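Following: one structure in structure tokens, then a few remarks.
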Amino acid sequence: KDLKEKKVVVVCRTPASLTFGNANIARELTHEVSRLLEQRISKVEMVSASDVENWCDENSWDDPREIGKGLEAQMVVDIDLEHFSLYKGQTLYQGSADYTVQVIDIENGGDVVFKKTPPQLLWPPNSAVLTSEKREPEFRQQYLAVLAGEIGALFYPHDAYDAYARDADAL
């Protein structure tokens, strides 16, 4: 869905089971996807991730449409993060995430105008990184950037071959 010339809010929802060990994942992903969309889409007006966080802290909500209306956005990019992990066993990092992205058009009665559930995102896709070779915060930041990039690429032009060099980025 075209977000150009729209006021857009990004929301990330996670199940309660994800909050253990990943308490800030929704906030971090919201911030990173918002930043990418603002950088790569001309004439988009992004609601800041901190405004989203403040609104959510001050209001109870069940539906992302409520956030869109509350922050006077025209479109909501709703990320439903169903699974998120940084580990493949106890001594290896390999990020994995299952998610659905939908775009809700607030101006058009809250209709879902775009929805995609990509396959599980593994990174690095063909290997793993020893936990002794990299600190968790560094790996987490790298994986979040990859995940945000995959989500953002749903909305702006990108080189489809970028994904092929990802294994090397993890080392």
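Values in this document were obtained by computation on a predicted structure and should not be read as measured data.
- The local environment of CD in Glu53 is crowded, with over 12 non-hydrogen atoms from other residues, nucleotides or ligands closer than 6.0 Å.
- Remark: side-chain polar atoms of Asn59 are paired, donor with acceptor, to backbone N or O of Trp55 under 3.5 angstrom.
- Note: the hydrophobic cluster containing Val10 does not contain Trp61 (ILVMFWY, side chain heavy atoms under 4.5 Å, direct or indirect links).
- Nearest heavy atom pair, residue Gln94 against residue Pro124, reads NE2-O, 2.7 Å.
- Glu66 places a side-chain N or O within 3.5 Å of a backbone atom of Asp62 that can act as its donor or acceptor partner.
- From Cys56, atom SG reaches atom CZ of Arg13 across 11.0 Å, with rounding to the nearest 0.5 Å.
- Screening Phe139, Trp123, Tyr143 for a side chain to side chain contact (heavy atoms under 4.5 Å, CB included) with Tyr93, the sole residue that qualifies is Phe139.
- If you take CG on Leu3 and OG on Ser42, they are separated by 11.0 Å, rounding to the nearest 0.5 Å.
- For the pair Leu121 and Val146, the minimum side-chain heavy-atom distance is below 4.5 Å.
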Check residues 68-77 and write down every donor-acceptor pair under 3.5 Å in which the side-chain atom is one partner and the other belongs to a residue at least two apart or another chain.
| residue | atom | partner | partner atom | Å |
| --- | --- | --- | --- | --- |
| Gln74 | OE1 | Lys7 | N | 2.6 |
| Gln74 | NE2 | Glu107 | OE2 | 3.0 |

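- Side-chain contact, Glu136 with Tyr87: a donor N or O sits under 3.5 Å from an acceptor N or O.
- A 4.5 Å side-chain heavy-atom check between Leu29 and Leu144 finds at least one atom pair inside the cut-off.
- Atom OG of Ser85 sits about 10.0 Å away from atom CG of Leu122, to the nearest 0.5 Å.
- Atom CG of residue Leu36 and atom CZ of residue Phe155 lie 11.5 Å apart, to the nearest 0.5 angstrom.
- A salt bridge does not link Asp2 with Lys4: every distance from a Lys NZ or Arg NE/NH1/NH2 to an Asp or Glu carboxylate oxygen is 4.0 Å or more.
- Annotation: the span from Ser50 atom OG to His31 atom NE2 amounts to 9.0 Å, rounded to 0.5 Å.
- Cluster membership check: Val52 does not share its hydrophobic cluster with Ile41, using side-chain heavy-atom separations under 4.5 Å among Ile, Leu, Val, Met, Phe, Trp and Tyr.
- Distance CD1/Ile67 to CD1/Ile106: 9.5 Å, rounded to 0.5 Å.
- Between His83 and Ser96, the closest heavy-atom pair is NE2-OG, 2.9 Å.
- Smallest separation of non-hydrogen atoms from Asn24 and Arg140: C-NH2, 4.0 Å.
- Hydrophobic clustering, with ILVMFWY side chains joined whenever heavy atoms are under 4.5 angstrom apart, groups Val33 together with Tyr99.
- At least one side-chain heavy atom of Ile79 sits under 4.5 Å from a side-chain heavy atom of Ile151.
- The shortest side-chain heavy-atom distance between Glu38 and Glu45 does not fall under the 4.5 Å cut-off.
- Annotation: side chain of Leu154 is in contact with side chain of Val101 (closest heavy-atom distance under 4.5 Å).
- Of the possible polar contacts, none joining the Glu150 side chain to the Leu147 backbone as a donor-acceptor pair under 3.5 Å is found.
- The minimum heavy-atom distance linking Ile25 with Thr14 is given by the pair CG2-CG2, 4.0 Å.
- Contact annotation: the side chain of Glu32 never approaches that of Glu28 to less than 4.5 Å [non-hydrogen atoms, C-beta and beyond].
- Contact annotation: the side chain of Pro64 approaches that of Ile104 to within less than 4.5 Å [non-hydrogen atoms, C-beta and beyond].
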Please report, to 0.1 Å, the donor-acceptor pairs under 3.5 Å made by any side chain of residues 108-120, with sequence neighbours excluded.
| residue | atom | partner | partner atom | Å |
| --- | --- | --- | --- | --- |
| Thr117 | OG1 | Thr100 | OG1 | 2.9 |
| Gln120 | NE2 | Asp98 | OD2 | 3.4 |

